[in-house]
Amino acid sequence: SGAVVGIQFLTPKTYRITQFGPVPGANGVYRLTVNATGVTDTTGNPGVGEQTVTWVMDVAPPRIASLEEIRTNPRNIVVPSLDVEFSEPISPATFTRADLSLTRNGGPNIIDARVAITQLSPTLFRITDLRWVSCAEGTYVLTVNAGGVVDLAGNEVSGSASVSWIMDTTQPPTPTGVTITPGTGRS
């Protein structure tokens with residue numbers, strides 16, 4: 001943008017560029033180009049060429065974009081898996097079972113080592129093997145609290161997301177007092 005910057009001498013061949021001034025803090029791709037035209041060495045030889053460095057500024061934290069809804073609710077079969085999607089790619093190693101909570105009837109977290117997280121894409125993850133911990137009757141709430149999850153730039157995910165369902169395996173009572181009358185062939 002033509003802004004004046006500072007140049008600090010380090011060695012006869014190395015200088016540090018400082019005092020960038022108000023560099024925008026917005027997400028985006030930035031380029032810094034140093035043009036040697038007009039620069040001379042100590043013996044008066046002119047500079048030749050230019051060098052450009054490009055970097056990506058990412059200061060916006062990702063968020064949980066979606067947590068799969070339970071389509072059948074109440075239900076009488078377990079929820080085998082749920083998908084969670086983030087608004088941008090995250091560091092997969094930072095999304096672990098520690099970021100999950102599954103409660104039944106408001107009780108303690110019942111997530112255990114059998115529950116797994118599988119990466120499907122840079123932003124989409126599947127929480128699997130919930131059937132072992134969610135087969136008893138009750139009201140379940142799965143919460144993804146991604147406070148320890150970070151994106152590729154190290155920004156921490158903000159927020160959480162929850163989904164709930166009712167597991168009801170009690171069979172309805174057998175109907176009583178039902179009679180069947182043979183048809184007469186007329187409507």
Practice item. Under the side-chain contact (heavy atoms from CB on, under 4.5 Å) rule, what do Asn76 and Asp168 come out as? Steps first, then yes or no, please. Key: CA-CA 5 Å; Asn76 61 2; Asp168 182 1; 5.8 Å; no

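- Contact detail for Pro92 and Gln119: the closest heavy-atom pair is CG-OE1, 3.2 Å.
- Between Pro62 and the choices Asp151, Leu152, Val149, the side-chain contact (heavy atoms from CB on, under 4.5 Å) rule is met once, by Asp151.
- Connection of Leu10 to Tyr15 is not established within any shared hydrophobic cluster, with ILVMFWY side chains joined at heavy-atom distances below 4.5 Å, either directly or through further cluster members.
- A 4.5 Å side-chain heavy-atom check between Asn145 and Asp99 finds every atom pair outside the cut-off.
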Exercise for review: Dump the intermediate steps for side-chain contact (heavy atoms from CB on, under 4.5 Å) on Trp165 and Thr72, then the final yes or no.
Suggested key: CA-CA 8 Å; Trp165 67 94; Thr72 305; over 6 Å; no

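- In the displayed structure, Glu69 atom CD is contacted under 6.0 Å by at most 12 heavy atoms of other residues, nucleotides or ligands.
- Across all their heavy atoms, Val178 and Pro175 have their closest contact at CG2-CB, 3.9 Å.
- Here ring pair (Phe, Tyr, Trp, His ring centres under 6.0 Å) pairs that include residues 97-121, with residues two or more places apart or in two chains, number zero.
- Within a 6.0 Å radius of CD in Gln171, no more than 12 heavy atoms belonging to other residues, nucleotides or ligands are found.
- Leu100 contributes atom CG, which lies 4.5 Å from atom CD1 of Ile117 (distance to the nearest 0.5 angstrom).
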Show me the donor-acceptor pairs within less than 3.5 Å that the side chains of residues 77-90 make with the rest of the protein, sequence neighbours left out.
| unit_1 | atom_1 | unit_2 | atom_2 | d |
| --- | --- | --- | --- | --- |
| Asp83 | OD1 | Arg126 | NE | 2.6 |
| Asp83 | OD1 | Arg126 | NH2 | 3.4 |
| Asp83 | OD2 | Arg126 | NH2 | 3.0 |
| Glu85 | OE2 | Thr123 | OG1 | 3.4 |
| Ser87 | OG | Arg63 | N | 2.9 |
| Ser87 | OG | Arg63 | O | 3.4 |

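- Looking only at side-chain heavy atoms (C-beta outward), Glu137 and Thr170 come within less than 4.5 Å of each other.
- One hydrophobic cluster, built from ILVMFWY side chains closer than 4.5 Å, cannot hold both Leu124 and Val163; they sit in different ones.
- Closest approach of Asn35 and Val39 over heavy atoms only: O-CG2, 4.3 Å.
- Val157 is not listed as a side-chain neighbour of Val150, based on a closest heavy-atom distance of 4.5 Å or more.
- Taking CG of Leu67 as the reference point, atom CD1 of Ile127 lies at 6.0 Å (rounded to 0.5 Å).
- Scanning both residues, Arg104 and Gly138, for their nearest heavy atoms gives CG-CA, 4.2 Å.
- Between atom CZ of residue Arg97 and atom CG of residue Asn109 there is a gap of 11.0 Å, rounded to the nearest 0.5 Å.
- Between the side chain of Asn105 and the main chain of Gly107, no donor-acceptor pair closer than 3.5 Å is present.
- Here CG of Asp129 is found 9.5 Å from CZ of Arg114. Values are rounded to the nearest 0.5 Å.
- Side chains of Val141 and Thr143 form a contact here, defined as non-hydrogen atoms less than 4.5 Å apart.
- Residues passing the side-chain hydrogen bond (donor to acceptor under 3.5 Å, both in side chains) test with Thr40, sequence neighbours excluded: none.
- Under a hydrophobic-cluster definition in which Ile, Leu, Val, Met, Phe, Trp and Tyr are linked whenever side-chain heavy atoms come within less than 4.5 Å, directly or via other members, Leu120 and Phe95 are assigned to different clusters.
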Exercise for review: Applying side-chain contact (heavy atoms from CB on, under 4.5 Å), run through Val115 and Leu102 and close with a yes or a no.
Suggested key: CA-CA 10 Å; Val115 174; Leu102 179 63; over 6 Å; no

